[in-house]
Every structure is written in structure tokens, then in C-alpha cells.
Amino acid sequence: MQLAAQGLLNAPKRRARREDLLAAIQRMRLLQIDSIHVVARSPYLVLHARMGSYPQTWLDEALEAGRIAECWAHEACFVTAAEIGVHRAWRSQIASNHWADKHAARARDANLKEMHALLEHVRQSGPVRASDFERTGRAASGWWEWKPEKRWLEAWFASGELMVTRRERFQRVYDLAENVLAKLDPPFDADVSALRRRFILDSVRALGIARARWIADYFRLKPAVDERELAPLLADGELLEVEVKGWSDPGYVHRDHASLLDEARRGRLRATHTALLSPFDPLVWDRVRLREMFDFDYSIECYLPAAKRKYGYYVLPLLHRGRLIGRLDAKAHRAEGEFEVKALFLEDGVELSPRTLKEVAQAIADTAAWHGTPRVRLGRCRPAGVASVLRAHWRG
């Protein structure tokens with residue numbers, strides 16, 4: 001049910017269309033942004049797992065056309081234009097403890113005059129990038145040691161005065177919020193109510209089936225959601241309560257998935273899809289939920305020193321027919337047209353049938369071809385014996 005709700009139960013039955021991109025984001029309710037690009041940047045990879053091969057420019061064009069917008073939700077995310085009003089209204093009402101808001105508050109406290117001057121510059125001169133401003137002095141080290149203008153632009157973005165009108169080579173182009181909101185399609189609608197209830201329902205819908213303790217993480221709700229808060233939603237028929245074998249507490253299903261629940265009970269949901277997942281895919285970003293649902297222990301290790309990494313720098317979970325059967329450390333060498341699998345680790349107990357290995361090999365090849373790096377190079381494997389089978393498939 002969770003895979004079906006997320007669009008990961010079955011492979012696409014036809015070639016991707018532009019409207020599939022919006023439908024995928026709407027199904028997930030948000031698409032997390034991350035800039036690491038040893039393979040495709042996360043939002044593009046998340047969509048590829050659901051849509052198959054598609055032009056990456058579609059996401060950029062949807063942003064520039066106002067079909068989607070950027071906001072702070074789970075983290076920095078794309079959401080559809082129809083949802084942006086809810087997110088802006090929510091953030092205007094809550095006392096946020098998010099790190100982006102803390103950075104913004106510190107920036108305003110220290111540099112309010114300069115920040116207002118920057119905002120006036122955007123108002124008078126139009127959209128800007130952080131790279132439009134030269135760094136003065138020696139560059140500091142570290143990921144978050146941005147130059148002042150970048151910090152101020154991000155602060156205005158976090159507080160809502162600026163929004164992202166488009167991206168150029170994945171760099172944010174900032175404009176006044178009223179200009180970005182004016183181009184949204186469908187138009188911006190700020191008339192929202194009962195926002196927390198809305199986010200709870202959207203979380204359960206996006207997850208397909210959820211335990212109460214999983215719900216808050218999806219939109220970073222505080223405090224945590226408990227069964228008492230869900231009781232009125234059950235009484236109103238918005239949610240359905242189900243017993244799940246092996247769970248000590250109930251599962252919750254959105255009423256929109258009632259037919260999906262019926263299919264699951266009758267054993268008619270068959271997972272057939274094999275795909276490489278981003279570390280920031282909604283299916284895997286909650287590590288507790290991932291472990292409880294799929295019995296898969298996972299963490300992203302790119303933020304660790306190399307000596308402390310167990311699997312690699314940018315490790316992609318491997319989904320195969322309803323199970324997470326392994327992970328691979330990958331890097332796309334775009335200039336050389338090569339997709340390097342530095343290491344592939346299959347979980348203990350995975351059935352290494354010819355069909356499984358063929359479908360794994362094909363999923364890796366499809367992702368590589370979509371990157372424009374069709375030649376696959378494989379490093380070490382666990383178990384070692386599968387390497388020759390995979391290489392033979394790619395040679396063929």
C-alpha cells in the first residue's frame with residue numbers, strides 16, 4: 001500500500017509525459033531538494049524512480065512556469081502550485097524551530113539594514129542569483145560559510161518575502177514573493193483553515209498506510225501526532241483504522257485509499273518495480289519508518305569522514321519487487337559517459353535468481369542511460385559472485 005501510494009509499486013506502463021511530473025509531486029505531496037550531484041540531484045532521481053526516463057528540464061520548466069514552487073516543508077521542497085498557499089499560511093502561523101528560520105532570524109538581527117537594501121535591489125532591478133554578487137575577502141571553508149548576500153537571500157526566502165522564480169544550472173533565482181505567486185498555475189489561494197489537520201491527512205494519504213508515530217515527520221509537525229489526535233479524523237470518516245499483522249498499534253489509511261486497502265486485503269497488490277532510490281526519497285527519509293516497514297537499516301554517509309563510512313559516499317537504496325534488497329555507491333562521470341558503481345551490497349537472504357539479477361542489472365542500466373552515462377563500470381560486490389552476471393548483462 002505504501003509503495004502504491006508513493007507511485008513505486010509498478011513500473012510505468014508508457015513513456016513519461018509532462019503531466020506525470022506534476023502528478024508524481026502531488027501524490028507525494030512534496031519533493032525534497034538536495035544539491036549533491038555525484039549522480040542526478042535528488043529531486044530528479046526521485047522522479048526517475050517513479051516516471052522512468054524523462055527530460056530533467058521538465059522540473060526546471062515547471063518551476064519557471066509557476067506549476068510548482070519552492071518552500072520549506074519536510075526540508076526545502078518543491079510543491080505544486082495548488083499546495084503553496086497551505087505551506088505559506090502554515091509557516092506564517094507557527095513558531096518554527098527549523099534551522100532555516102533560526103539562520104534567518106540571526107541574519108535579520110545582525111544585518112537588517114543591509115538585508116532591506118538587498119530586498120529593495122530585487123524590487124528595483126528584478127530577479128537575482130547569489131552568484132550575481134562578488135565575494136569580498138577570502139572565502140571561508142565549510143558548506144554553510146556562504147557569502148553575506150547568499151545568507152540574506154536565503155533568510156528572505158525562509159521568511160517568505162522572496163521566492164524562487166526559476167533555477168539556472170540548479171542555482172536559485174530569487175524574486176519578490178508577490179511576483180512568483182502571481183504566475184502560479186493554478187492561482188495562489190491563501191484561504192486555508194485547519195492546517196495541522198490538513199497536513200496530518202496529507203501525510204497519511206502520501207504514506208498509503210501509517211502508524212501514528214510516523215505521521216509527524218512527513219511535514220515536520222510538532223508536537224508528534226498520537227492516537228488521541230487521530231480519533232476525531234476516524235469519527236469523521238477521514239481516516240480508516242486497520243489491524244496489521246506484527247504491529248502492536250493500529251495502522252491508519254486515508255479514505256481516498258479505501259479501494260487500495262480492499263485490494264491489499266484480497267492480496268491483489270503485486271509489487272513488480274525495480275528502481276534506484278535517492279537517499280532523500282520520501283519512502284526512505286524517515287529511517288525509523290524505513291526500518292519498521294521494510295526491515296532495512298540505512299543512513300546517508302556523505303556527511304561522515306571517509307574513514308567512518310560503511311558503504312560509501314552517496315549510497316542509493318535498491319528497491320526490487322516490494323523489498324529493499326540492497327544498496328549501491330554510485331557516481332556518474334558525465335564527461336566520460338560512464339556510470340560507476342563503486343560498490344554494490346545485497347542484503348543477506350536475498351534470492352539471487354536469474355530474474356532478480358537481470359532486473360537489478362536493467363534498473364542500473366536504465367538509470368545510467370537516463371544520466372547520459374550509458375557505460376556501466378562495476379567495482380566490488382557483496383556477494384562477489386553476482387558481479388560476473390551483472391557485467392555480462394551490461395555487455396549484452
What do the steps show when you test His87 against Phe199 for ring-ring contact (aromatic ring centres under 6.0 Å, His included), and what is the final call?
-> CA-CA 9 Å; His87 289 280; Phe199 283 125; 5.1 Å; yes
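- When atom types are taken as modelled, the side chain of Gln32 and the backbone of His74 share no donor-acceptor pair closer than 3.5 angstrom.
- Counting heavy atoms from C-beta on, the side chains of Leu261 and Met1 come closer than 4.5 Å.
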Could you walk me through whether Val389 and Leu352 pass side chain to side chain contact (heavy atoms under 4.5 Å, CB included), step by step?
-> CA-CA 10 Å; Val389 180; Leu352 300 177; over 6 Å; no
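- With hydrogens and angles disregarded, no donor-acceptor distance shorter than 3.5 Å links the side chain of Arg377 to the backbone of Glu338.
- Summarising the local packing, CD of Glu243 is surrounded by 12 or fewer heavy atoms from other residues, nucleotides or ligands at distances under 6.0 Å.
- One finds no salt bridge joining Arg197 and Glu229 here, because no Lys/Arg side-chain nitrogen approaches an Asp/Glu carboxylate oxygen to under 4.0 Å.
- Side-chain N or O atoms of Lys183 include one that pairs as donor or acceptor with a backbone N or O of Thr165 at under 3.5 Å.
- For Tyr218 (side chain) and Asp202 (main-chain N/O), no donor-acceptor pair under 3.5 Å exists by modelled atom type.
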Please walk me through it: do Arg327 and Glu347 pass salt bridge (Lys or Arg N to Asp or Glu O under 4.0 Å)?
-> CA-CA 8 Å; Arg327 64 201 85 202; Glu347 296 288 281; 2.9 Å; yes
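- The two residues Leu318 and Thr274 make their nearest non-hydrogen contact at CD1-CG2, 4.3 Å.
- Cluster membership for Trp247 and Leu269, using ILVMFWY side-chain heavy atoms within less than 4.5 angstrom, is shared.
- In this structure, the side chain of Arg41 does not engage the main chain of Ile33 through any donor-acceptor pair within 3.5 Å.
- Taken to the nearest 0.5 Å, the CG atom of Leu31 stands 11.0 Å off from the OG1 atom of Thr80.
- Atoms OG1 and CG, from Thr367 and Leu316 in turn, are 8.0 Å apart once rounded to the nearest 0.5 Å.
- A salt bridge is defined here as a Lys NZ or Arg NE, NH1 or NH2 lying under 4.0 Å from an Asp or Glu carboxylate O, and Asp286 with Arg213 fails to meet this definition.
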Residues Tyr174, Trp156; criterion ring-ring contact (aromatic ring centres under 6.0 Å, His included); working and verdict | CA-CA 9 Å; Tyr174 304 84; Trp156 284 130; over 10 Å; no
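- Residues Arg265 and Asp262 are not paired through a salt bridge, judged by the lack of any N-O separation under 4.0 Å between the basic side chain and the carboxylate.
- The side-chain heavy atoms of Leu162 and Leu176, taken from C-beta on, include a pair separated by under 4.5 Å.
- Linking Ile, Leu, Val, Met, Phe, Trp and Tyr residues whenever their side-chain heavy atoms come within less than 4.5 Å places Leu45 and Ile300 in a single cluster.
- Contact annotation: the side chain of Trp58 never approaches that of Leu47 to less than 4.5 Å [non-hydrogen atoms, C-beta and beyond].
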Could you walk me through whether Arg255 and Asp236 pass the salt bridge (Lys or Arg N to Asp or Glu O under 4.0 Å) test, one step at a time?
-> CA-CA 10 Å; Arg255 66 179 179 186; Asp236 292 344; over 6 Å; no
Passes side chain to side chain contact (heavy atoms under 4.5 Å, CB included), Tyr303 versus Ile36? Steps please.
-> CA-CA 11 Å; Tyr303 305 116; Ile36 298 174; 3.9 Å; yes
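- Within the model, atoms CG of Leu260 and CZ of Arg268 stand 13.0 Å from one another, a figure rounded to the nearest 0.5 Å.
- Counting only heavy atoms from C-beta outward, the side chains of Val360 and Ile325 approach each other to under 4.5 Å.
- Without hydrogens or angle criteria, Arg88 side chain to Gly160 main chain gives a donor-acceptor distance under 3.5 Å.
- Annotation: Asp295, atom CG; neighbour count of heavy atoms from other residues, nucleotides and ligands within 6.0 Å does not exceed 12.
- With respect to Arg172 and Glu154, a salt bridge is recorded, a charged nitrogen being found less than 4.0 Å from a carboxylate O.
- Nearest heavy-atom pair across Tyr314 and Ser278 is OH-OG, 4.2 Å.
- Proximity of a side-chain donor or acceptor of Lys147 to a complementary backbone N or O of Ala130 within less than 3.5 Å is detected.
- Judged purely by atom type and a 3.5 angstrom limit, Gln6 uses its side chain to pair as donor or acceptor with the backbone of Ala206.
- In this structure, Tyr54 contributes its side chain and Tyr44 its backbone to a donor-acceptor pair below 3.5 Å.
- For the atom pair CG of Leu153 and CG of Leu118, the computed distance is 4.5 Å after rounding to the nearest 0.5 Å.
- Counting all heavy atoms, side chain and backbone alike, Leu184 lies closest to Ala81 at CB-CB, 4.0 Å.
- Checking side-chain atoms of Asp217 against main-chain N and O of Trp214 turns up no donor-acceptor pair under 3.5 Å.
- For the pair Val46 and Pro282, the minimum side-chain heavy-atom distance is below 4.5 Å.
- The number of heavy atoms from other shown groups lying within 6.0 Å of CG (Asp348) does not exceed 12.
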Could you go through the side chain to side chain contact (heavy atoms under 4.5 Å, CB included) check for Leu233 and Val204 one step at a time?
-> CA-CA 11 Å; Leu233 301 178; Val204 178; over 6 Å; no
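- Heavy atoms of other residues, nucleotides or ligands lying less than 6.0 angstrom from CZ of Arg270 number 12 at most.
- Under the 4.5 Å side-chain heavy-atom criterion for ILVMFWY residues, a single connected hydrophobic cluster contains both Phe296 and Val244.
- Note: Leu8 CG to Gln2 CD = 9.5 Å, rounded to the nearest 0.5 Å.
- Hydrophobic cluster membership differs between Leu112 and Phe133, with clusters built from Ile, Leu, Val, Met, Phe, Trp and Tyr side chains linked at under 4.5 angstrom.
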Give the C-alpha distance, both sets of side-chain angles, the deciding distance and a yes or no for side chain to side chain contact (heavy atoms under 4.5 Å, CB included) between Thr356 and Val386.
-> CA-CA 11 Å; Thr356 295; Val386 306; over 6 Å; no
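- Among His393, His320, His273, the one residue that satisfies the side-chain contact (heavy atoms from CB on, under 4.5 Å) test with Glu359 is His320.
- Counting non-hydrogen atoms of other residues, nucleotides and ligands closer than 6.0 Å to CD of Glu351 gives a total of 12 or fewer.
- Note on Trp394 and Leu346: same hydrophobic cluster, where clusters join Ile, Leu, Val, Met, Phe, Trp and Tyr whose side-chain heavy atoms are under 4.5 Å apart, directly or indirectly.
- Within the 4.5 Å cutoff, no side-chain heavy atoms of Leu283 are placed close to those of Met293.
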Check the pair Arg167 / Glu70 against salt bridge (Lys or Arg N to Asp or Glu O under 4.0 Å), numbers first and verdict last.
-> CA-CA 11 Å; Arg167 282 180 178 251; Glu70 292 190 31; 2.7 Å; yes
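- Ion pairing between a basic and an acidic side chain is recognised when a charged N comes within 4.0 Å of a carboxylate O; Arg123 and Glu120 show such pairing.
- Counting only heavy atoms from C-beta outward, the side chains of Arg198 and Trp90 never approach each other to under 4.5 Å.
- Ionic pairing of Arg17 and Asp20 is not present here: no N-O contact between side-chain nitrogen and carboxylate oxygen is shorter than 4.0 angstrom.
- A salt bridge does not link Arg67 with Glu61: every distance from a Lys NZ or Arg NE/NH1/NH2 to an Asp or Glu carboxylate oxygen is 4.0 Å or more.
- Between Arg151 and Glu114, no side-chain nitrogen of the basic residue sits less than 4.0 Å from a carboxylate oxygen of the acidic one, so the salt-bridge criterion is not met.
- A 4.5 Å side-chain heavy-atom check between Arg334 and Thr373 finds at least one atom pair inside the cut-off.
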